[in-house]
2 protein chains.
Amino acid sequence: MESEEARPRRRQARGERRMSEILDAAAAVFAEQGYEKTTTNAVAAAAGISPGSLYQFFRSKEAVAQALADRFTVQMRAAHGEAFAPADLAAMDLDDLIDRVVDPLVAFNVANPGFKALFARPDMPPGLATAAGPIQSALLGRVEAILAVRAPGLSAPERTRSARVLVQIFQAMTPVVVAAPEDEREAEVRELKKVLRGYLAPLDG
Amino acid sequence: MESEEARPRRRQARGERRMSEILDAAAAVFAEQGYEKTTTNAVAAAAGISPGSLYQFFRSKEAVAQALADRFTVQMRAAHGEAFAPADLAAMDLDDLIDRVVDPLVAFNVANPGFKALFARPDMPPGLATAAGPIQSALLGRVEAILAVRAPGLSAPERTRSARVLVQIFQAMTPVVVAAPEDEREAEVRELKKVLRGYLAPLDG
DNA sequence: AGAGAATACGAGCAATCACTCGTATTCGCA
DNA sequence: TGCGAATACGAGTGATTGCTCGTATTCTCT
């Protein structure tokens, strides 16, 4: 056994560009049609290539989604910025803290409407869950870290549960924020923050 | 033009029973597989009948979902009970009020796991939205009525928005409650109520 | 009992879709 | 310049699936 399956084929610059174009197209079509209803031929057409060419770069429809997930993960981490210093956290006003965490996440979701079409679907295939996991984990870990500082009275399991609830609230209300017309978005975000604050305030030291 | 399309075929008792059995089967399969992945043949098999027989009673897969939605709507209204008298509402403790509204709804969702598989899917076909609408409207109206009594300071648009947020929170957290193992369900419900309470408390007179 | 309608069957049709394959073209590189 | 590899094509394939149709059985009602 020397070759195995792990020979990712040498790519040219042209190929890398094509892959990126395919992912752009996939994000757009996923966002508009949803994952299940999206046909691979439609993605290829949107990318301006033939069905066969798409499969030169991705082994399957799910592989496209997976790659898109990976790209989102990277972009998300970048958009979200670096973690806060605990000193900042402890000193910060609760409202400021919420603004600071929520605003960039909302901005990311508004800028990438395809994101939720991929990761908010109820039947996440195993491959995708693997890709979505890191995102979820990163968020949860971040929130838990914040809670550890702001609500030191919480036991570890309580902290985990509370973090899960907070993330869940955010993910539940984000679609509405994204779907809202430009001039109502701010109001929706305010509501989202109200909910988060209402849940956090009693925990906050 | 005398016949049109509106002749619903005379049913025998046997037929009504079959329809109910088919809906039972559909609810089970939808709950397990999700709507899209559910095949009509699978529903027929689960109901112990042939594919052809299913189509004696329902014109299409969507018609099955629609009928199931209608049935859920009726059951939900029944499960939820009658509206509160405003006097009760005004006097009641906020925690009691939340218990009183949330508990039956949670119970319904736990008892009917197929419910969310049908109505929580992101791509609701027009026919289904029509069926889901009344449910949503009923809930929203109910919550708005409560807010009108408990938070008289709110303007009408504010009241509408707050009601929407509350319903959204509930619907977002319900799947987790339903999916939770028996012995953790109560804790999940407590979290749900905490979130609702956190959002409501500042509004409550 | 007997007729007509309702119920039941299940093989199969037509359409859809993820994916393949044989072939043609273009690129990187010596 | 020439060669091997990467890229590109798009008609076609096999599998799936919602649904039909011809036919057989069972019910209701007189």
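Proteins get letters first, then strands, A, B, ... in listed order; numbering begins at 1 in each. Being a predicted model, the structure only gives us computed values, none of them experimental. Side chains are part of it too, since the values below use all heavy atoms of this structure and drop only hydrogens, waters and symmetry mates.
- Note: NZ (B/K37) to C1' (D/dT17) measures 15 Å, nearest angstrom.
- Using a 4.0 Å heavy-atom cutoff across all strands shown, B/G15 reaches sugar-phosphate atoms only and no base atom.
- The side chain of B/P51 lies closest to D/dC19, out of D/dC27, D/dC19, D/dA8.
- The shortest distance between the side-chain N/O atoms of B/T40 and the OP1/OP2 oxygens of D/dT17 is not below 4.0 Å.
- Between B/I49 atom CD1 and C/dG10 atom C1' there is a gap of 12 Å when expressed in whole angstrom units.
- In the set D/dA6, D/dC29, C/dA18, the nucleotide with an atom closest to the side chain of A/R14 is D/dA6.
- Comparing D/dG18, C/dA8, D/dC9 against the side chain of B/S50 picks out C/dA8 as the nearest.
- A salt bridge does not link B/D95 with B/R100: none of the charged nitrogens is closer than 4.0 Å to a carboxylate oxygen.
- Within the 4.5 Å cutoff, the side chain of A/E191 has no heavy atoms near those of the B/R164 side chain.
- Note on B/R17 versus B/E21: no salt bridge recorded, every NZ/NE/NH1/NH2 to OD/OE distance being 4.0 Å or above.
- Rounded to an integer number of Å, the gap from B/E36 CD to C/dT16 C1' is 14 Å.
- A perpendicular orientation is assigned to the rings of A/F72 and A/F108, their planes being inclined by more than 60° (bins at 30° and 60°).
- The residues B/D103 and B/K193 are annotated as salt-bridged, a charged nitrogen and a carboxylate oxygen being separated by less than 4.0 angstrom.
- For the pair B/F58 CZ and D/dC19 C1', the computed distance is 15 Å after rounding to whole Å.
- Protein atom CD of A/E16 is 19 Å distant from nucleotide atom P of D/dA5, rounded to whole Å.
- To the nearest angstrom, P of D/dA6 lies 11 Å from CZ of A/F57.
- In this structure, B/R18 reaches the C/dA8 phosphate: one of its side-chain N or O atoms is under 4.0 Å from OP1 or OP2.
- Look at A/R11 and you'll find a side-chain N or O under 4.0 angstrom from OP1 or OP2 of D/dT7.
- Remark: C1' of C/dA6 and CD1 of B/I22 are 14 Å apart, rounded to the nearest angstrom.
- Distance, B/Y55 OH to D/dT20 C1': 10 Å, rounded to whole Å.
- Looking at B/Q56, its side chain comes within 3.5 Å of the base of C/dA8 through a donor and an acceptor atom.
- Of the candidates C/dG28, C/dT7, D/dT17, the closest approach to any side-chain atom of A/R10 belongs to C/dG28.
- Each of B/S60 and B/Q12 has a nearest nucleotide on DNA chain D; the 5'-most of these lies closest to B/S60.
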